[in-house]
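All remarks here apply to the structure that follows.
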Amino acid sequence: MAGHSKFKNIQFRKGAQDKKRSKLFSKLAREITTSAKLGMPDPAMNPRLRTAIQAARAQNMPNDNIDRAIKKSQEAGGDNYEEVRYEGFGVGGVGVIVEALTDNRNRTASEVRSIFSKHGGNLGETGSVSFNFDRMGAIQYDLDKGSADDMLEAAIEAGGDDVETTEEGHTIYCTPDELHQVGKELEDRFGEASTMQILWRPKLEVPIDEDAGSTLLRMIDALEDSDDVQQVYANFDLSDEVLQKLTAA
């Protein structure tokens with residue numbers, strides 16, 4: 001287990017700064033509705049729904065919105081969303097994974113393909129990028145919840161696989177199947193996590209310069225702006241100074 005890895009996930013750097021609240025709440029609600037429909041509407045019996053609700057609360061989504069999204073899953077004739085994953089390459093050969101929930105595959109595929117093309121990228125076949133990523137559970141805590149050593153010790157005891165500590169917080173990684181068990185043990189010690197989710201973590205990162213980084217971040221912004229897109233992952237390596245400059249408001 002590594003105590004301080006270099007991994008930077010675009011979600012954690014940009015997701016917390018997402019100012020498009022209404023669109024963000026819509027995406028969170030779609031995930032809650034889909035999770036409840038695929039499993040059970042009781043979060044105690046549905047790990048995916050628990051994760052979706054926790055992600056919504058981390059973004060200060062009102063409880064009324066969460067309750068409505070769950071109830072919507074039980075409505076006859078309600079929307080049926082299909083999970084779709086797209087894989088492709090951005091400028092500089094950076095691998096990009098796009099996860100979507102859609103009620104129209106053709107519309108979503110066309111929009112995603114167009115965004116890649118407009119920003120110098122191209123879509124690939126399923127599996128062309130994901131082999132360079134690990135599917136992981138990720139649990140994030142604020143820095144004030146404990147020291148890096150505290151988190152590392154707790155993660156080992158809980159069955160975690162890796163810990164990353166950055167200026168943005170502590171992230172404990174584990175296998176997706178063990179996410180909720182590890183999360184529960186950490187919660188008993190540190191309280192409720194800031195976020196708990198299943199994501200794609202790069203095995204290797206592709207170094208890019210500022211120009212390529214600017215183009216890539218514009219593409220990610222465009223993808224995230226799509227109503228159907230839920231998450232975007234990319235395995236780029238950009239210096240903190242340049243990343244801060246490019247993502248400054």
Side-chain angles (χ1 to χ4, degrees), residues 1-19 21 24-25 27-28 31-32 35 43-63 66 133-205 230-244 247-249:
M1 176 181 290
H4 308 276
S5 73
K6 185 184 176 186
F7 172 58
K8 300 187 292 289
N9 187 282
I10 192 67
Q11 281 187 303
F12 294 150
R13 303 194 72 92
K14 297 182 77 275
Q17 302 168 13
D18 195 337
K19 298 176 182 178
R21 306 305 284 180
L24 176 61
F25 286 173
K27 291 174 184 283
L28 292 167
E31 171 61 21
I32 291 171
S35 299
M45 304 295 292
N46 186 335
R48 175 170 171 172
L49 179 58
R50 287 202 303 273
T51 300
I53 291 173
Q54 187 162 0
R57 287 175 175 164
Q59 295 294 339
N60 298 314
M61 185 173 176
N63 286 331
I66 294 173
F133 290 71
D134 288 320
R135 190 68 165 158
M136 303 288 291
I139 304 158
Q140 190 178 42
Y141 279 95
D142 293 336
L143 285 174
D144 61 6
K145 292 295 184 178
S147 68
D149 289 339
D150 289 338
M151 286 291 167
L152 182 59
E153 178 184 351
I156 293 173
E157 293 176 356
D161 294 329
D162 191 16
V163 177
E164 175 194 37
T165 296
T166 70
E167 61 184 16
E168 293 156 352
H170 309 285
T171 305
I172 297 89
Y173 295 99
C174 61
T175 63
D177 291 343
E178 296 178 333
L179 176 62
H180 291 282
Q181 180 59 40
V182 174
K184 183 178 183 304
E185 294 193 30
L186 292 173
E187 184 175 340
D188 290 342
R189 180 165 176 175
F190 299 109
E192 185 173 351
S194 300
T195 62
M196 188 166 70
Q197 60 185 317
I198 296 174
L199 48 72
W200 292 95
R201 184 187 186 190
K203 296 177 182 177
L204 295 173
E205 294 178 333
Q230 293 293 105
Q231 304 289 353
V232 182
Y233 305 91
N235 66 343
F236 65 93
D237 181 14
L238 201 57
S239 72
D240 288 343
E241 292 77 13
V242 173
L243 186 58
Q244 184 176 3
T247 57

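All values reported here derive from a predicted model rather than from experimental measurement.
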Spatial distance of atom CD (Gln54) from atom CE (Met61) [nearest 0.5 Å]:
14.5 Å
Would you mind reporting whether Ile172 and Leu186 have side-chain heavy atoms less than 4.5 Å apart?
yes
With side chains defined as the heavy atoms from C-beta onward, is the minimum distance between Lys145 and Met151 less than 4.5 Å?
yes
Using the test side chain to side chain donor-acceptor pair (under 3.5 Å), find all partners of Glu192 that sit at least two apart in sequence or belong to another chain.
none
Working to the nearest 0.5 angstrom, can you tell me the gap between Arg201 CZ and Phe133 CZ?
12.0 Å
Closest non-hydrogen contact found for Leu199 with Ala138 is CD2-CB, 3.6 Å
Taking only residues two or more places apart in sequence or in another chain, which ones pass side chain to side chain donor-acceptor pair (under 3.5 Å) with Glu185?
Gln181
What's the verdict on side chain to side chain contact (heavy atoms under 4.5 Å, CB included) for Asn235 and Leu204, showing C-alpha distance, side-chain angles and the deciding distance?
CA-CA 7 Å; Asn235 66 343; Leu204 295 173; 5.7 Å; no
Taking only residues two or more places apart in sequence or in another chain, which ones pass side chain to side chain donor-acceptor pair (under 3.5 Å) with Asp177?
none
Would you give the length of the straight line joining atom OG1 of Thr51 to atom CD1 of Ile32, rounded to the nearest 0.5 angstrom?
11.0 Å
Rounded to the nearest 0.5 Å, what's the gap from CD on Glu167 to CG on Leu143? Could you check?
8.5 Å
List the residues meeting side-chain contact (heavy atoms from CB on, under 4.5 Å) with Arg57, not counting sequence neighbours, and say none if there are none.
Ile53, Asn63, Ile66
Ala148 versus Thr165, closest heavy-atom pair with distance:
CB-OG1, 3.6 Å
Determine the minimum heavy-atom distance between Leu179 and Cys174, stating which atoms define it.
CA-SG, 3.6 Å
Arg48 meets the salt bridge (Lys or Arg N to Asp or Glu O under 4.0 Å) criterion, sequence neighbours left out, with Glu31, Glu83
Sub-4.5 Å side-chain heavy-atom contact between Lys184 and Asp188
yes
Does Phe190 have any ring-ring contact (aromatic ring centres under 6.0 Å, His included) partners at least two apart in sequence or in another chain, and if so, which?
Tyr141
Using the rule given for side chain to side chain contact (heavy atoms under 4.5 Å, CB included), can you reason through Gln140 versus Gln197, listing the C-alpha separation, both sets of side-chain angles and the distance that settles it, and then say yes or no?
CA-CA 9 Å; Gln140 190 178 42; Gln197 60 185 317; over 6 Å; no
For residues 144-171, which residue pairs qualify under ring pair (Phe, Tyr, Trp, His ring centres under 6.0 Å), counting only residues two or more places apart or in two chains?
none
Is the side chain of Gln59 donor-acceptor paired with the backbone N or O of Phe25 at a distance under 3.5 Å, no angle test?
no
Residues in side chain to side chain donor-acceptor pair (under 3.5 Å) with Asp142, at least two apart?
Ser194
Measuring from atom CE of Met136 to atom CG of Asp162, what distance do you get when rounded to the nearest 0.5 angstrom?
6.5 Å
Please enumerate all residues that pass salt bridge (Lys or Arg N to Asp or Glu O under 4.0 Å) together with Arg189, with sequence neighbours excluded.
Glu157
Residues Glu205, Phe236; criterion side chain to side chain contact (heavy atoms under 4.5 Å, CB included); working and verdict:
CA-CA 5 Å; Glu205 294 178 333; Phe236 65 93; over 6 Å; no
State which residues pass salt bridge (Lys or Arg N to Asp or Glu O under 4.0 Å) with Glu153; sequence neighbours excluded, sorted by chain then number.
none
d(Thr171 OG1, Ile139 CD1) to nearest 0.5 Å is 9.5 Å
Any Val182 side-chain heavy atom under 4.5 Å of Tyr173 side chain:
no
Apply salt bridge (Lys or Arg N to Asp or Glu O under 4.0 Å) to Asp144 and list each qualifying residue two or more places apart in sequence or on a separate chain.
none
